[in-house]
Every structure is written in structure tokens, then in C-alpha cells.
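Atoms within a ligand are numbered from 1 in the order they appear, just like the ligands themselves.
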Amino acid sequence: MSQVKSIQNSAMKRSTVALAVLFSIAAAYYIYLPLPSAISEPWKLMFMDAILRGVMHVSFLGHSLGLSQPFDFARLAASWDEVRGSEFIPGVRVTETTFAGVETQVFESTTVDAKSRLKRGIVYFHGGGWTLGSAKMQTYYLQCRSMAEQLDAVVLSIEYRLAPEARFPEQYNEALQVSKHILTADVLSRYSIDPKRVAVSGDSAGANLAAAVAQEMALDRTIPVKYKVQALLYPTLQALDFNTPSYQQNGNIPILHRPLMARFWLEYLNGDPKLVPVLLANNHSFPRQIIAAARSKVDWTRLLPASVQKTYQPVFPLQGDPELLEKLPGLLDVRAAPLLATTQTLRAVPPAYIMTIEHDVLRDDGLMYANRLREARVPVTHDHIPDGFHGCLSFAFGPFRFSSGFRSFRKYIHWLKENL
Ligand SMILES: *[C@@H]1O[C@H](CO)[C@@H](O)[C@H](O)[C@H]1NC(C)=O
């Protein structure tokens with residue numbers, strides 16, 4: 001009897017051990033991702049990426065089972081990270097308001113000697129592929145609060161609407177309307193903001209909005225108060241070429257995998273998610289003159305230094321999908337893809353700070369824009385983070401913190417201190 005039991009017991013133990021081993025292998029397989037040795041803190045990054053990928057998988061699964069929109073679960077997960085109520089910290093007042101109908105978190109420096117003087121102003125657009133993220137997310141909330149404190153500034157973090165409720169050009173229009181509204185004498189004086197010291201800034205998709213708005217605001221002669229500078233953190237600036245050297249080099253690097261970026265563009269431009277492989281293959285065949293003009297502005301064989309091009313080859317299939325432009329007119333719209341602006345437009349825009357990250361599919365979008373701005377004689381400061389990953393500046397804050405996050409945030413603050 002007891003012998004039977006012990007046999008049963010040991011069989012159970014064995015199968016438990018076997019299950020545990022299998023589970024660990026599966027988990028390791030899911031978590032493990034070969035990363036370049038030049039990335040700092042690779043294990044932490046792998047672990048964080050596994051969580052984010054897991055969230056995306058569940059989110060897309062929910063959609064394929066017909067339960068939800070593709071990014072619903074991801075948004076729910078992100079909302080767990082929102083700050084609840086505004087914890088008081090001395091030196092910064094946080095309030096919620098709306099400008100031109102757009103919700104905004106306002107972070108005001110309240111240091112004693114700031115009361116009598118005018119302050120810097122920064123209009124900030126958070127990232128998240130025009131689909132995710134919020135000014136109330138812990139990372140963005142803490143970043144903006146810290147900016148207000150360290151720069152003795154008023155930071156206006158814009159809660160623009162997200163896909164799928166809003167599609168291009170709605171996010172862009174909101175960003176523009178809210179910019180015009182904030183840059184009026186009335187609002188500036190209400191917050192004691194110096195009209196000569198207002199910046200527009202953002203990261204990733206938010207930097208896309210910042211760059212697009214900076215162009216339009218610079219061209220519009222009816223606007224008396226202009227942005228003094230633009231500060232773009234690893235911006236996404238074009239969707240014509242998903243095979244720049246940085247897209248080819250960093251396609252599998254956390255946290256912005258190459259197909260996810262294509263997916264975000266389709267969310268923004270209201271395209272069918274089935275077009276992801278078409279975009280990734282650069283499979284567009286536009287009328288020759290149109291595409292020639294656009295391509296010259298994203299021609300990385302000319303716009304990138306040889307050290308970045310390495311041995312990567314351009315991908316331009318001769319026979320693409322002839323209907324792609326009809327399906328995605330936004331592809332050639334400069335309001336969605338600020339890199340496509342004419343040199344004449346670029347001449348008008350304010351001095352720029354551009355941060356790029358080595359291990360980021362969007363590195364070359366930023367590098368090409370920096371180069372085109374320089375060609376248009378716009379002063380550009382370019383900071384490069386050689387050991388970071390896409391979005392790393394946000395990870396100076398919140399539950400996962402990275403050294404590349406602290407360093408990139410310091411560089412960003414340093415530039416704003418000197419130039420705003
Ligand atoms: C690219 O377009 C061509 C022509 O429409 C089509 O035959 C091919 O399957 C497409 N390839 C991809 C990856 O979409």
C-alpha cells in the first residue's frame with residue numbers, strides 16, 4: 001500500500017519537476033532575446049520587454065477572438081500605471097484643465113523667486129504610437145513634473161485623443177489647435193509664461209506631433225507668438241521606408257519592434273492592419289514623379305553618414321501595390337510625415353534638439369531630419385544615446401528604471417536649460 005503511494009508520490013514529483021522545467025523553458029524562450037552587447041542592462045530590458053510583449057499578445061488575442069479592439073487590453077494595462085490624485089511635492093503645482101477643448105495636465109513651478117518672474121513654457125506631447133499612453137501615466141507625469149521643477153517652467157502635457165477613436169489628422173489637428181490656444185497672450189499671462197521662451201516637445205509619436213506642429217506654426221503668419229525651440233526625442237517622422245539601416249539593424253530590439261511601429265502607423269493613418277507586411281516591404285508603387293520627390297527627402301543613401309549605412313542596402317521593390325496610396329493617403333502627407341517637408345518649409349522652423357538612440361528602429365528618422373534641418377540652415381543640436389533603447393528617457397521614472405534613462409533625461413534638461 002505505502003509502496004504504491006510512494007510510487008505515486010514520486011511519479012507526481014517527477015511530473016511536477018518535468019512541468020516546472022517545461023514551464024521554465026517556455027518562459028525563458030519567451031523572455032530571452034539576443035541583444036547587442038552595447039545595450040546597457042540587457043536582462044532588465046529583456047524582462048520588461050517580455051511583460052510588454054505579453055500585454056500586446058493578450059491585447060491582439062482579445063481582438064482576434066472578437067472581444068475587443070486590438071489595443072484595448074494594452075490601454076487598460078497602461079491605465080493601471082496612471083497616477084491617482086496628485087501627490088503633493090513642494091515646488092510644483094499640478095492642475096488639470098482644457099485648452100481649445102483638449103484635456104491638459106499643467107505642471108507649474110512655484111518656487112518663491114519664480115513668482116515675480118515670467119517662466120519658461122513647454123508644450124509636451126507624450127509618445128505611444130498615437131494609440132497608447134497618457135499624460136497621467138506615471139512615467140510621463142513624473143517626467144513633466146520633474147521638468148517643471150528643474151527648468152523652473154510651466155509644462156503643459158497634452159492629453160490628445162488616441163486611435164482608434166481619433167485618426168489622422170485628428171491628433172495633429174488637436175495638437176495644432178491646443179498650440180495656437182496656449183500661445184495667446186491670455187493663456188501665457190495666466191500662467192506667467194514668457195512669450196519668448198516657449199518650447200514644443202515630445203517623444204516618439206509625440207515628437208512626430210511636435211515636429212509637425214512646429215512646421216505649421218512657423219509657416220502661419222497670423223500667429224504672433226511662436227515656439228522658440230523644438231525638442232524631439234527619438235521622433236517617428238516617415239512611413240515610406242521601413243528599411244532604413246536602423247529599421248534593418250534594430251527590428252527585433254525592445255521595446256519598439258519593427259512590425260509594431262508599422263502597426264502604429266496603420267492605427268494613425270486608419271489603414272487595414274493587414275497592410276503591415278506591405279509597409280514592411282516598402283511595397284508602394286506611386287506615380288513616378290510623386291514618389292521621386294518624396295523619396296529624395298527620405299533618401300538615406302544621401303542623408304546618412306557611411307558609418308551608419310554600413311553594408312545595409314536600400315529596399316525599393318519596382319513592382320509594389322499600386323493601390324497603397326489610395327488606401328493610405330497619409331503616407332505622403334507632410335502633416336503625418338514631417339520629414340517630407342520641403343526645404344523651404346524647414347527654413348522657417350525653430351532651432352531643434354534631436355535625440356536619437358542607437359538601438360532603435362527610429363534612429364535614422366531622427367538622423368535624417370537633423371541632416372535636412374542643417375541643410376536648411378536651422379541650428380540643430382543632436383544627442384545620441386549609444387547604449388539605449390527606444391523610449392529609454394521615460395525609464396528615468398516609474399517602476400523600471402534604466403541608467404540610459406537617467407543619462408538621456410539629464411542631456412535633455414541640460415539642452416533646455418541652455419537654449420530655452
Ligand atoms: C508587393 O506588391 C506586389 C504587387 O502588387 C504583390 O504581388 C506582392 O505580393 C506584394 N508583396 C508584399 C510583401 O506585400
Side-chain angles (χ1 to χ4, degrees), residues 33-34 49 53 56-57 59-61 63-66 69-71 74 129-132 163-164 167-169 204-205 208 236-304 308-340 359-365 368 390:
L33 201 67
D49 186 59
R53 265 186 296 133
M56 293 314 295
H57 283 164
S59 206
F60 289 152
L61 183 70
H63 176 58
S64 48
L65 295 177
Q69 292 289 330
F71 288 90
W130 308 276
T131 308
L132 301 169
R167 308 281 196 179
F168 175 78
S204 195
N208 166 282
T236 176
L237 298 166
Q238 57 89 26
L240 281 181
D241 192 352
F242 284 87
N243 294 277
T244 60
S246 62
Y247 266 112
Q248 296 192 42
Q249 175 184 297
N250 304 311
N252 294 318
I253 305 281
I255 55 174
L256 184 61
H257 301 265
R258 187 168 165 263
L260 183 60
M261 191 60 234
R263 185 65 198 261
F264 281 144
W265 270 106
L266 290 168
E267 285 296 315
Y268 187 36
L269 300 180
N270 202 10
D272 188 336
K274 290 198 187 80
L275 292 175
V276 165
V278 184
L279 284 188
L280 292 182
N282 287 357
N283 212 10
H284 22 63
S285 79
F286 299 138
R288 193 177 285 267
Q289 310 87 311
I290 297 179
I291 194 63
R295 262 187 206 164
S296 71
K297 301 191 180 101
V298 298
D299 179 4
W300 55 262
T301 60
R302 186 181 75 78
L303 290 166
L304 295 180
V308 165
Q309 294 190 29
K310 295 184 180 150
T311 54
Y312 295 111
Q313 294 299 316
V315 174
F316 277 124
L318 292 174
Q319 215 56 51
D321 176 350
E323 273 144 36
L324 190 59
L325 185 56
E326 276 161 51
K327 292 178 201 155
L328 282 178
L331 280 182
L332 289 179
D333 194 317
V334 64
R335 296 171 302 168
L339 187 57
L340 299 182
H359 309 281
D360 176 4
V361 290
L362 300 179
R363 179 197 67 191
D364 297 345
D365 280 28
M368 286 193 279
H390 182 77

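A ring-centre distance under 6.0 Å is found for Phe71 and Phe264.
Using modelled atom types, one finds a donor on one side chain and an acceptor on the other under 3.5 Å when comparing Asp241 with Asn282.
The protein non-hydrogen atom at the shortest distance from atom 13 (C) of ligand 1 is Ala281 CB, 3.8 Å. Looking only at heavy atoms of the protein, atom 5 (O) of ligand 1 is closest to Gly320 O, 3.2 Å.
For atom 11 (N) of ligand 1, the protein comes within 4.0 Å by at least one heavy atom. Checking atom 7 (O) of ligand 1 against the protein gives no heavy-atom contact under 4.0 Å.
Each of the atoms 14 (O) of ligand 1 lies under 4.0 Å from some heavy atom of Val278.
Between Tyr247 and Phe242, the two ring planes are tilted [angle within 30° to 60°].
Closest heavy-atom contact between Ala294 and Leu332: CB-CD2, 3.6 Å.
For Asn283, every heavy-atom contact with ligand 1 shorter than 4.0 Å involves the side chain, none the backbone.
At a threshold of 4.0 Å, the pair Arg295-Asp299 does not count as salt-bridged, since none of the basic side-chain nitrogens sits closer than that to a carboxylate oxygen.
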